[in-house]
Amino acid sequence: MRTYTPTGTSQTVTVGNSTAPYIFTVTATNKAGTSSSSPASAPQRAVGKVAIMAAPEIAVANQNAAGGQVTVTYTPLDDTQRNGFAANEVTYCVTLSTMGETCGMASGAVLASTNGKEVSATVRAEAAAGGLSSVGDASKASLGVTPHGVPGAAGVGGSNGGEDSQSVSYSWSYPGGAVDAASVEVKVGSGGWSAKSGNGSTTYDTGGYNTSVTISVRAKNSIGTYGPVASKTVTSGPKKPTPPVTEVRVKAGDWHSCTMGPSGGGVFKTNPVRCDGVESPGGNVNLGGNWLDYADGWVTVTGCHSNWYVMSSGPVSGRWVRSDTVDVRDRNGGNIRC
């Protein structure tokens with residue numbers, strides 16, 4: 001207890017900051033003596049400004065999954081640094097350089113922070129008690145860290161080319177689940193890696209038939225770390241085989257052959273050779289009508305109608321020509337004989 005002798009009706013006193021309150025009483029003294037003490041005043045606290053905290057520590061969190069988090073730890077103020085405030089009267093506020101301030105954060109709290117962007121932290125204290133308050137200044141910044149997660153495994157698909165196609169098709173996909181996949185890169189054969197902004201598919205011209213190419217994909221996280229490479233080998237299609245061909249041509253010397261067909265006409269007579277009653281004049285000339293002439297050259301046939309060849313080209317395509325009036329040749333394994 002301390003006694004003061006004021007010279008007026010008020011008195012300023014100096015006391016130490018403390019979590020315990022101070023109370024005051026008043027007595028009066030004259031020639032007759034000293035009076036009894038007055039009733040006690042309401043309790044009064046003496047506090048000062050809370051101290052600046054030491055720089056916090058920051059560490060990357062959730063780096064084995066999607067990332068995007070940091071852990072911030074700090075040392076709370078001690079009794080002296082609180083300057084009269086009790087521990088439970090102090091709140092701590094953490095500020096990330098990439099985010100705003102968050103108050104009421106315990107040491108070791110995990111905070112969200114953007115993957116791939118360096119972040120540091122500061123911390124400050126603020127206190128309040130019985131109508132009194134104090135706002136501390138921010139600490140120095142922590143060292144910087146860069147949040148990140150695992151890149152994950154990208155997916156690859158593909159299909160072979162069809163017949164007579166030198167192209168293949170392939171697709172790529174971003175990893176699923178809790179990962180930090182900033183991009184997916186694709187490589188075709190021995191070419192370079194190409195970044196893709198989303199899932200997709202395309203085709204690739206191999207430049208040849210029955211030609212294989214390997215498609216490789218990989219994911220990259222926000223700090224440039226790559227995930228495993230996935231690959232798929234696809235092959236362009238085979239060249240379409242050239243179809244077998246059998247061709248016929250009216251024999252030199254016969255010069256003309258009367259054709260028949262499903263639409264009628266072409267009544268073939270001999271001695272002399274006639275077609276629909278018109279006699280062949282002979283010679284290497286083109287008669288037209290239902291005649292097939294030596295001058296028409298080689299025509300393609302597709303089969304037989306008895307001992308007649310069924311023609312699929314030439315001036316009388318779709319009609320039939322008698323087998324004993326023509327020469328026959330084959331290409332690409334053709335072998336039709338009537």
Side-chain angles (χ1 to χ4, degrees), residues 60 62-68 114-117 146-248 297-304 309-314 317 328-337:
V60 173
N62 201 35
Q63 64 267 39
N64 293 321
T114 305
N115 279 333
K117 187 174 183 179
T146 303
H148 63 274
V150 294
V156 62
S159 58
N160 297 331
E163 186 180 67
D164 220 31
S165 172
Q166 297 184 8
S167 295
V168 295
S169 60
Y170 64 93
S171 62
W172 61 91
S173 59
Y174 270 65
V179 296
D180 168 26
S183 67
V184 164
E185 296 181 350
V186 177
K187 184 175 76 165
V188 180
S190 60
W193 291 96
S194 174
K196 307 296 182 181
S197 59
N199 298 340
S201 62
T202 189
T203 59
Y204 174 73
D205 188 345
T206 66
Y209 298 105
N210 296 311
T211 302
S212 296
V213 64
T214 298
I215 311 299
S216 302
V217 300
R218 64 186 181 183
K220 183 172 71 171
N221 72 0
S222 54
I223 61 169
T225 301
Y226 290 103
V229 174
S231 299
K232 185 175 182 67
T233 299
V234 286
T235 304
S236 61
K239 182 173 177 57
K240 186 176 181 178
T242 303
V245 176
T246 296
E247 297 173 313
V248 299
W298 293 93
V299 298
T300 304
V301 297
T302 57
C304 298
Y309 285 102
V310 179
M311 294 174 287
S312 59
S313 69
S317 177
V328 185
R329 72 178 184 185
D330 297 312
R331 290 186 289 113
N332 307 322
N335 188 30
I336 299 173
R337 296 294 183 271

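Only heavy atoms go into these numbers, but all of them, side chains included; no hydrogens, no water, no symmetry mates.
Using a 4.5 Å heavy-atom threshold, the side chains of Val60 and Thr146 count as separate. Side-chain contact check for Ile215 versus Val188: some heavy-atom pair is nearer than 4.5 Å. Contact check for Tyr170 versus Val186: side-chain heavy atoms found under the 4.5 Å cut-off. Looking at Tyr309 and Val328, their side chains come closer than 4.5 Å, going by heavy atoms from C-beta outward.
Under the salt bridge (charged side-chain N to carboxylate O under 4.0 Å, His left out) criterion, no residue pair touches residues 154-166, with sequence neighbours excluded. Sequence neighbours left out, the pairs with a member in residues 184-194 that pass salt bridge (charged side-chain N to carboxylate O under 4.0 Å, His left out) are Glu185-Arg218, Glu185-Lys220. Applying the salt bridge (charged side-chain N to carboxylate O under 4.0 Å, His left out) test to every pair with at least one member in residues 227-247, sequence neighbours left out, gives these pairs: Glu247-Arg329, Glu247-Arg331.
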May I have the list of side-chain donor-acceptor pairs in residues 195-204 shorter than 3.5 Å, sequence neighbours left out?
residue: Asn199; atom: OD1; partner: Tyr174; partner atom: N; Å: 2.6

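For the residue pair Ala230 and Ala154, the shortest heavy atom distance occurs at CB-O, 3.7 Å. The two residues Pro175 and Gly152 have their closest heavy-atom pair at CG-C, 3.8 Å. Pairing each heavy atom of Gly208 with each of Ser236, the nearest pair is O-OG, 2.7 Å. The minimum heavy-atom distance linking Ser212 with Thr233 is given by the pair CB-CG2, 4.0 Å.
For the side-chain contact (heavy atoms from CB on, under 4.5 Å) test, residues two or more places apart in sequence or in another chain that qualify with Asn335 are Asp330, Arg337. When the side-chain contact (heavy atoms from CB on, under 4.5 Å) test is applied to Pro151, the partners found at least two apart in sequence or on another chain are Ala219, Asn221. Residues meeting the side-chain contact (heavy atoms from CB on, under 4.5 Å) test with Ser159, sequence neighbours left out: Ser169. For Ser312, there are no side chain to side chain donor-acceptor pair (under 3.5 Å) partners two or more places apart in sequence or in a different chain. Scored by the side-chain contact (heavy atoms from CB on, under 4.5 Å) test, Asn210 finds Pro238 as partners (sequence neighbours excluded). In terms of the side chain to side chain donor-acceptor pair (under 3.5 Å) criterion, Gln63 has no residue partners (sequence neighbours excluded). Residues satisfying the side chain to side chain donor-acceptor pair (under 3.5 Å) criterion with Thr114, sequence neighbours excluded, are absent altogether. Not counting sequence neighbours, the partners of Ser216 by the side chain to side chain donor-acceptor pair (under 3.5 Å) test are Ser231.
Partner of Ser313 under the side-chain contact (heavy atoms from CB on, under 4.5 Å) criterion, out of Val245, Thr300, Val301: Thr300 alone.
For the atom pair CG of Asp180 and CG of Asn115, the computed distance is 4.0 Å after rounding to the nearest 0.5 Å.
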#### Entry: Worked verdict on Val234 versus Val213 for side-chain contact (heavy atoms from CB on, under 4.5 Å)
CA-CA 6 Å; Val234 286; Val213 64; 3.9 Å; yes
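Side-chain atoms of Asn62 come within 3.5 Å of backbone N or O of Gly67 as a donor-acceptor pair.
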